[in-house]
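Working notes, structure below.
All values below were derived from every heavy atom in this structure, side-chain atoms included, with hydrogens, water molecules and symmetry-related copies excluded.
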Amino acid sequence: MKDITKMSDDFDRWYTDVVRKAELADWSGVRGMMVVRPYGWAMWEAITRAFDDMIKESGHENWAFPLLIPRSYLMKEAEHVEGFAPEVAWVTRAGGDMEELEEPLAVRPTSETIIGALIKRYIQSHRDLPKLTNQWNSVVRWEMRSRLFLRSREFWWQEGHTFHASGQEAMEEAQLILGYYRSIAEDWLAVPVLSGKKTPAETFPGAVYTLTVEGLMRDGLALQMGTSHYFGQNFARAYDISFSNKANERELCYSTSWGISTRLVGAIVMAHGDDSGLLVPPKVAPVQVVVVPIFRDDASRIKVEGFIDGWGRELKAAGIRHRVDWRDERPGDKYAHWELKGVPLRLNVGARDVDAGQVELVDRLSRERRAVPVAGIAARLQAELAAFQTKLFERAQKYQRDNTFELSTLDEVIAHFRERSGFVWAPWCDDAECEARIKTETGGVTIRTIDSDEKASGKCLVCGKPAEHRVALAKAY
RNA sequence: CGGGGAGUAGCGCAGCUCGGUAGCGCACCUGACUGGGGGUCAGGUGGUCGCGGGUUCAAAUCCCGCCUCCCCGACCA
């Protein structure tokens, strides 16, 4: 229960220790396949609820499409196939005799192909558009190297797939979802992100362009926290998804897809955690407030219990997710336990507090103890939770600011990443060869996103030609 | 997928070189004392030694195959 590796000693071990000891997830015994435990799943559920509300509000509908994709469907979009081929798992046998299937079935690595093949049944007229679909599911990608939440062979996510009558509308859709992803990251997970377009090299296979939100973890590595793709008519062409426009002409749809995954649980761990364990943003915290009763005998226990019951009801009515820890452990054990789990607020309540009509409030960030009267406690805790959410975000923002740099030459970039990590803004000419050189000469630094706000100025950090873009460089997960 | 290391109780490990009754710490269970930052004492439970095959009178230990995990590289939400 106790010792987790210090973050400063070995970040990767620290991460694994926290994920396992805070009971978020485990490996399963099947290579690369994880079991997500209730405490980790509850965070994912909070994210799913938030995002599901957002997309429902803007007219999206949840569907369920098949897990298994016929090989012939998968093969139709050439770039897409090429991109995913190395990580597809195939079902080739089935039944009691393990008979060979006539056509191998892919376990979906993503569902563009099967949705493309199926959705056209439901799209005939421009009146059927836009078709805004989403599904919550898991997908399988045959990764060679895995890490809990960040890269597992199966992961859980949502994949949105939308079909539009015009490219403009589809591009707006991709942008709209990117905004939702930013909101999930910043407003819910308290992780500030850079957002923008991916370079062609980093674009989703088959897409015209890919939009991304990228967060910075506490080891200085960037994490892709959500992507939104504009397909133009690429998939519509491959799957013949067409409609009759107002002029009664046949036209191909424009489409998008977008996803966020259980990887975001890993982002919570790595963006906020410390040597004591997790820090969970209140908005997604399975337990927002934990109450630790302190007593020595039955009489004091009953006294404390009655006291907690009195205002516990108020917390429930106020929608505060709280739990009273009545386990037969010592208070110190309980403090450490809930700190490891990253619960934002803790209330220590003993006989002294009962007499004084107060509780002792401790927050996971400052760990300072403050006496709080029980009168109006629900409102007070709601305010404290909101403040905690803000503080966590501001702390992460400061961390991002302190670890974001502006450099102009490849030599500077190489020198920089030898010493430290973080984001580095630099001018780039738009040439894939220069991009590749950055990666090889820095030992893995990549262009995470292209700045969508600022215009480029200066010369490409690699070749010295006039820059087309300002790009964010980082080592990434 | 290439190179290296490892799998023995829930967790961390010893035992293996040199084959012969499976051990230690923590956790867990019971009881007592305790209880406002990770307690003390006493007594207990728990293991097909990763899986399969081979050698042997006898295998955790030796041999072969496979699976899984960790570290390092190439590919990735």
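- A close approach under 4.0 Å does not occur between any side-chain nitrogen or oxygen of A/R330 and OP1 or OP2 of B/rG35.
- Counting to the nearest Å, the C1' atom of B/rA27 and the NZ atom of A/K21 are 12 Å from each other.
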What pairs of donor and acceptor atoms, side-chain ones from residues 81-88 of chain A against any protein atom, are under 3.5 angstrom apart with sequence neighbours left out?
none

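- If you check every strand for non-hydrogen atoms under 4.0 Å, A/D353 touches a base.
- In this structure, A/F149 and A/R367 both approach RNA chain B, and ranking their closest nucleotides by distance from the 5' end singles out A/R367.
- Between the P atoms of B/rA74 and B/rC64, the separation comes to 32 Å (whole Å).
- Rounded to the nearest Å, the gap between the C1' atom of B/rC13 and that of B/rU8 is 9 Å.
- Rounded to an integer number of Å, the gap from CD of A/E329 to P of B/rG39 is 9 Å.
- Using a cut-off of 4.0 Å between Lys/Arg side-chain N and Asp/Glu carboxylate O, A/K439 and A/E435 are scored as not salt-bridged.
- Shown here, B/rC13 forms a base pair with B/rG23; the pair counts as Watson-Crick or G-U wobble because both key distances fall under 3.5 Å.
- Across all strands shown, A/E339 has heavy atoms under 4.0 Å from base atoms, whether or not it also approaches the sugar-phosphate.
- A/D328 comes within 4.0 angstrom of a nucleotide base, judged by non-hydrogen atoms across all strands.
- Counting to the nearest Å, the P atom of B/rG38 and the CH2 atom of A/W338 are 19 Å from each other.
- Here B/rA74 sits opposite no nucleotide as a Watson-Crick or G-U wobble pair (both hydrogen-bonding atom distances under 3.5 Å).
- Figure legend. B/rA60 is base-paired to no nucleotide; pairs are counted as Watson-Crick or G-U wobble with both atom distances under 3.5 Å.
- Judged by distance alone with a 3.5 Å cut-off, no donor-acceptor contact links the side chain of A/R369 to the base of B/rG36.
- For the P atoms, the distance from B/rC28 to B/rC67 is 37 Å, rounded to whole Å.
- Nucleotide B/rG46: unpaired (no Watson-Crick or G-U wobble partner with both distances less than 3.5 Å).
- Residue A/L150 is classed as a base contact, given a heavy-atom separation below 4.0 Å to a base.
- The separation of B/rA6 from B/rC16, taken at their C1' atoms, amounts to 14 Å, rounded to a whole angstrom.
- B/rG52 and B/rA60 are spaced 13 Å apart, taking the P atom of each and rounding to whole Å.
- Taking atom CG of A/D26 as the reference point, atom P of B/rC11 lies 9 Å away to the nearest angstrom.
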Polar atom pairs between nucleotides 68-75 of chain B and protein, under 3.5 Å, N or O only, would you list them?
unit_1 : atom_1 : unit_2 : atom_2 : d
B/rC69 : OP1    : A/G32  : N      : 3.1
B/rC70 : OP1    : A/W27  : NE1    : 3.0
B/rC72 : OP2    : A/R145 : NH2    : 2.6

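- Comparing B/rG2 with B/rC57, their C1' atoms sit 44 Å apart, to the nearest whole Å.
- Residue contacts shown for A/Y477 are absent, as no nucleic acid heavy atom lies under 4.0 Å away.
- For A/W157 and A/F155, the ring centers are positioned less than 6.0 Å apart.
- Salt bridge status for A/D363 with A/K391: absent, with no side-chain N to carboxylate O gap under 4.0 Å.
- The side-chain tip of A/K198 does not point at the ring of A/Y209 from less than 6.0 angstrom away and within 45° of straight on.
- The CH2-P distance, from A/W44 to B/rA77, rounds to 16 Å in whole Å.
- B/rC71 and B/rG35 have their P atoms separated by 43 Å, given to the nearest Å.
- With both ends at atom C1', the span from B/rG36 to B/rA32 equals 23 Å, rounded to whole Å.
- Listed by first and then second residue, the side-chain hydrogen bond (donor to acceptor under 3.5 Å, both in side chains) pairs involving residues 106-117 of chain A are A/T110-A/E112, A/S111-A/Q135, A/S111-A/E159, A/E112-A/S257 (not counting sequence neighbours).
- Using a 5.5 Å limit on the distance between ring centres and a 30° limit on the angle between planes, the aromatic ring of A/F295 does not count as stacked on the six-membered base ring of B/rG35.
- In this structure, the side chain of A/R420 does not engage the main chain of A/G220 through any donor-acceptor pair within 3.5 Å.
- Residue A/R301 has no polar side-chain atom (N or O) positioned under 4.0 Å from OP1 or OP2 of B/rG35.
- No salt bridge links A/E143 with A/R31; every basic N to acidic carboxylate O contact stays at or beyond 4.0 Å.
- A/K6 has no carboxylate O lying under 4.0 Å from a charged side-chain N of A/D9, or vice versa, which leaves the two without a salt bridge.
- Separation of the A/H161 and A/F235 ring centroids does not fall under the 6.0 Å cut-off.
- If you take CG of A/N348 and P of B/rG36, they are 11 Å apart, rounded to a whole angstrom.
- Spacing between atom CZ of A/R346 and atom P of B/rG38 amounts to 12 Å, rounded to whole angstrom units.
- Nucleotide B/rG7 has B/rC67 as its partner under the Watson-Crick or G-U criteria, with both atom distances under 3.5 Å.
- If you take CZ of A/R296 and P of B/rG39, they are 16 Å apart, rounded to a whole angstrom.
- In this structure, B/rC33 and B/rG39 make a Watson-Crick or G-U wobble pair, each of the two defining distances being under 3.5 angstrom.
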